[in-house]
Amino acid sequence: MEPKFPGCNCSVCPFKDREFVPPEGPKDSEVLFLGQAPARNEVREGRPFAGQAGVCLNAALEESSLERGKILIDNVILCFFAGGERPPREAVECCRGHIDLETPRVIVPLGNDALGVVTNRWDGIMSLSGEAFGSPEKVVIPLVHPAFYLRNNMPESFTDFVQGVSLVRDFLEGRSYFHVGSRFRVLRSREEALALFESLRSSPPRDLAVDLEASGPDPFGDIILCVALAWDEEEGVVIPWDSEYLRQHNSEFVGLLEDEEVFRSLKSCLELQPGVLAHNSLYDACMLKREGIDVRVENDTLLMHYVLDERRGVQGLKNIARRFLGLSDWEVGLKDYLPNKEAPFTLVPPGVLFEYAAKDACVELVLRRKLGQVLDTPENAGPKRLYTGAGEQAGLMDICRMFVDVISRGVRMDPEALSVALKEMPSRLEELSESLRQYTGSEFYNPGSVPDNRYYLFEKFGLPKVKGDSTDKEVLETLRGEHPFVDLLLEYRQYQKVCNTYMVNIARSYRSGRGHPDFKLFGTVTGRLSANNLNPLVFPRESRGDLYSYPKRVFVADDGCFLLQADYKGMELRVLAVLSQDPWALEVLSNPESDWHGEMAEEMYGELYTGADEKLKKELRVIAKMLVFGLNYGRGAPSIARQLRCSAFRENPEFCPRCRAGLDCPRALREADDLIERYFSPIPVIKHWRTEQVRLAHTVGYIESPFGRRRRFPLITASNKHAVDKQALNTAVQSTASDCTLQAMYRLYREVGDLVRPLWTVHDAVLMNVSLRATPRDVEGILSIIEETPRVLLDTDLPFFLDASAGFRWGALTPYEGVIPELADLTLLPSAD
DNA sequence: TAATACGGCGCC
DNA sequence: AAACGGCGCCGTATTA
């Protein structure tokens, strides 16, 4: 038979009877996008990429201003295969003859089959996706097929596809990155180093990328192995530092920076250099500061990228380099020397490590230009402002530099408080564990094992299942008193949490009387801080009781200082009122005496509330409060109904068997619906604002906060729509509240000078060391700066109010009432390691 | 043996 | 099927 298309070998093709879809676009195009095979929609329309995947492709092309009509769009196989079905190789072999790989300058294989046809590698698209192969004249950029993101419900990752397509444009316009970091030079003599630093000092480059390699991730414990510098895209320069490391590897390199004069020369070079650039500079700058080099980092490629792409886990240099420059992972060589994730970099031979470091620095240099250009486009005005700051708003770089200072100084810790806890808790834990074991009668029982607990609770002791198989706290609370095992297990879990999650980590982070929390400015999609290891964001509230107070009690005021904590009252609610400009909400919240939750309880329950006794009033107010938080988080009626159950049940559990059995109850649902409606009735503007946020997420594709922070929704499908809607409701509020707090901390840091040294924020609270020399007036000044920051930055008349507390031990602060605390009963042992 | 998933739980 | 936003860590269980 005649081939259906020139080059195809249809006569021997087992699929020759299937429907056929020809390629689309000019045959002599510079660009070829090569997909897999036409699916249902393509057959119906008679053209490739006509369905959902086509929508994705079109969106990505448009984002990069590439005209679909000028691009050759083809499939490996020209006949129908159902979506998700991988065609057999036989079909590929019969069909591939029609594909012209010679003419196009840029070839984009989409998915594994296209990758195979173009490169002869038939799998591994996931690891190769986004990397550019070839030369500036002829390049192949494999990408994951857009259908993959749709099929596997990975909407966030669709950004990677868009980014990959934008590389096509780079190559078409003559921009390529094969040369970046292709050479490196290790300084071998002190004369060479001194001469280099001198020349950098006398004629500083516009940007100087600085990248450290250290033995590990702890800027306050690990050792710097080398410093890499780059001011040239092609060649990075490495200055070895730690000679012990070099000796271990019998390296002929010299630990030049151990030489006093070389060190001083580098120090002055870096401190005077105006355009220092780094990736995740918080880390490098803390480390350099520890060594006595106070570098002012001007730009940070990680933060530049973060404001453009807030996703978690994509901020690594290699990942960004791949997506923006098409560079393949140059770190793979290191892995040969690193047996696991915790392995120290000292295991890597200096020659290998230095090459890697130099390349890092060069890549940063190029990324800084590239990301800078992206940030300078008008559509990225918001992210740009977030990054650089504007007017009263400090930029992320400013805040990052503040954190270098703050984290480096760290927080004072009381070793006594630590050791007491660490002595007592493990033995109590062991006791509890033993008691539990006795109830089970099995020496193999493990109190940490969920299956074990399930078995004993529900099978052996015959306790009722309240929430599926769950044995969580809520379930155990309802079973309290039914069996002594339950109460013991609850206590065991509390001790386990406090001891192993908090105290052990706090102890691990103890460094000569101080701790250095490792805050990240890029760990969340909303802009809140995150931290690992020593994480002050999650230490239990002291109101939880004695046991839970241990962690915070370890942290104490600096010498000559007291701790002051300022919490914004009802912050997210106020932010919501400002963002939505709801008149009723603004009115109520303007009054410092007003009780929002009480007002809401009245709205929702009417006479039931106004005529209620104190006890009932309190209960109804709690429900109102729960609704305020829940609705802000996107909670819906079914979920609220399940929690509140129905009024009949509340009157007497016997009246509603459904609620009693934990089943969905139509009456409860109706009542929840009604409550929500009443909740929103006085605040229709907030209600409208919420639908507007959801609409924006779907139409614009992102939500932008007043600080220019964006939460992006690159791909919304049926399966993630509900999640997106809820995220869209919450994101602006959470992010704005957090940014206000950070900005307040920054203003304190800049404006109040010696009297106050902020330690950190906890989402809507600022903790700081305040000098005992401060007067109540000074403290008022400090508090009013914090208080007014949201008003200034959000440009609103709505006042914000604070709860302030003070003392010498975090976890034992008392309300601040205009009196500077007196250092009295705090006994501190001298710092010991 | 190492990486990953999951239940559980702390914070706002 | 679930239907509550944003985080990080522990310990066990499971998978590669």
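Please read all numbers here as calculations on a predicted model, not as lab measurements. Chain letters run A, B, ... following the sequence lines, proteins first, then strands; residues in each count from 1.
- Side-chain proximity of V525(A) to dC9(B), dG6(C), dC9(C): nearest is dG6(C).
- Whole-Å rounding puts the N446(A) CG to dC10(C) P distance at 17 Å.
- Under a 4.0 Å N-O distance rule, the pair D764(A)/R528(A) does not qualify as a salt bridge.
- Across dG8(B), dC7(C), dC9(C), the shortest atom-to-atom separation from the side chain of V538(A) is found for dC7(C).
- Taking every side-chain heavy atom of H763(A) into account, dC12(B) is the closest of dC12(B), dA13(C), dG8(C).
- Neither OP1 nor OP2 of dA3(C) sits under 4.0 Å from any side-chain N or O of R635(A).
- Counting atom types as modelled, K497(A) pairs a side-chain N or O with a base atom of dC9(B) as donor and acceptor under 3.5 Å.
- Donor-acceptor pairing under 3.5 Å, judged by distance alone, is present between the side chain of R528(A) and the base of dC12(B).
- Counting only heavy atoms from C-beta on, S449(A) has its side chain closest to dA13(C) among dG5(C), dG10(B), dA13(C).
- For the pair K467(A) and D472(A), the salt-bridge criterion is met [side-chain N within less than 4.0 Å of a carboxylate O].
- Residue contacts for D452(A): at a heavy-atom cut-off of 4.0 Å it reaches no nucleic acid atom on any strand shown.
- Nucleic acid contact for V504(A): none, since no nucleic acid atom lies under 4.0 Å from a heavy atom of the residue.
- Across dA3(B), dG5(C), dG10(B), the shortest atom-to-atom separation from the side chain of N340(A) is found for dA3(B).
- Here, dA3(C) and dC6(B) have their P atoms 15 Å apart, quoted to the whole Å.
- For the P atom pair drawn from dG7(B) and dA2(C), the interatomic distance equals 13 Å after rounding to whole Å.
- Distances shorter than 4.0 Å separate some side-chain N or O of Q727(A) from OP1 or OP2 on dG6(C).
- The pair R311(A)-E156(A) does not meet the salt-bridge criterion, since no charged nitrogen lies less than 4.0 angstrom from a carboxylate oxygen.
- Inter-residue side-chain proximity for L802(A) and K569(A) is flagged as unmet; no heavy-atom pair is nearer than 4.5 Å.
- We find that CG of N453(A) is positioned 14 Å from C1' of dA13(C), with the value rounded to whole Å.
- Rounded to a whole Å, the CD1 atom of I703(A) is 13 Å from the P atom of dG6(C).
- Between the CG atom of D725(A) and the C1' atom of dC4(C) there is a distance of 14 Å, rounded to whole Å.
- Taking the charged nitrogens against the carboxylate oxygens, D595(A) and R621(A) do have a contact shorter than 4.0 Å, which makes a salt bridge.
- Ranking dC10(C), dG8(B), dG8(C) by closeness to the T471(A) side chain, first place goes to dG8(B).
- Using Watson-Crick or G-U wobble geometry with both donor-acceptor distances under 3.5 Å, dA13(C) finds its partner in dT4(B).
- If you measure from atom CD of Q565(A) to atom C1' of dC11(B), you get 12 Å, rounded to the nearest angstrom.
- Contact between the side-chain N/O atoms of S530(A) and the OP1/OP2 oxygens of dG8(C) is found at a separation under 4.0 Å.
- Counting any heavy atom pair closer than 4.0 Å across all strands shown, Q734(A) reaches a base atom.
- Between R493(A) and dG11(C) there is no side-chain polar atom (N or O) within less than 4.0 angstrom of OP1 or OP2.
- Using a 4.5 Å heavy-atom threshold, the side chains of F148(A) and S157(A) count as separate.
- Residue L631(A) contributes atom CG, which lies 17 Å from atom C1' of dG6(C) at whole-angstrom precision.
- Side-chain nitrogen and oxygen atoms of K473(A) include none within less than 4.0 Å of the OP1 or OP2 phosphate oxygen of dC9(B).
- Donor-acceptor pairing under 3.5 Å is lacking for the side chains of W810(A) and E542(A).
- Counting to the nearest Å, the C1' atom of dG8(C) and the CZ atom of F539(A) are 11 Å from each other.
- Residue S738(A) is classed as having no contact, given no heavy-atom separation below 4.0 Å to the nucleic acid.
- As judged by a 4.0 angstrom heavy-atom cut-off over every strand, E572(A) is placed among residues making no nucleic acid contact.
- Residue-level contact check: A531(A) touches the backbone only, with heavy atoms under 4.0 Å from sugar-phosphate atoms and none from bases.
- Taking only side-chain atoms of D472(A), from C-beta outward, the nucleotide of dG10(B), dG8(B), dG5(C) with the closest atom is dG8(B).
- Protein atom CG of N632(A) is 19 Å distant from nucleotide atom P of dA3(C), rounded to whole Å.
- Checking dG11(C), dG5(C), dG10(B) against the side-chain heavy atoms of Y502(A) singles out dG10(B) as nearest.
- Base pairing annotation: dG10(B) forms a Watson-Crick or G-U wobble pair with dC7(C), both donor-acceptor distances under 3.5 Å.
- Taking a cutoff of 4.0 Å between a charged side-chain nitrogen and a carboxylate oxygen, R645(A) and E671(A) do not qualify as a salt bridge.
- Using a 4.0 Å cut-off, some side-chain N or O of R508(A) falls inside it from OP1 or OP2 of dC10(C).
- Set against dC12(B), dA3(C), dC7(C), the side chain of Y633(A) has dC12(B) as its closest nucleotide.
- In terms of phosphate contacts, R541(A) brings no side-chain nitrogen or oxygen within less than 4.0 Å of OP1 or OP2 of dG10(B).
- The two residues A421(A) and Y550(A) make their nearest non-hydrogen contact at CB-CD2, 3.6 Å.
- Among the atoms of the strands shown, none is found under 4.0 Å from any heavy atom of T731(A).
- Residue-level contact check: Y548(A) touches the backbone only, with heavy atoms under 4.0 Å from sugar-phosphate atoms and none from bases.
- Phosphate proximity of dC4(C) to S639(A): present, with a side-chain N or O under 4.0 Å from OP1 or OP2.
- Residue contacts shown for P540(A) are limited to sugar-phosphate atoms, with no base heavy atom under 4.0 Å away.
- Of the listed nucleotides (dG7(B), dG8(C), dG10(B)), dG8(C) has the atom at the smallest distance from the side chain of N535(A).
- R711(A) has a side-chain polar atom (N or O) that falls below the 4.0 Å cut-off from OP1 or OP2 of dG6(C).
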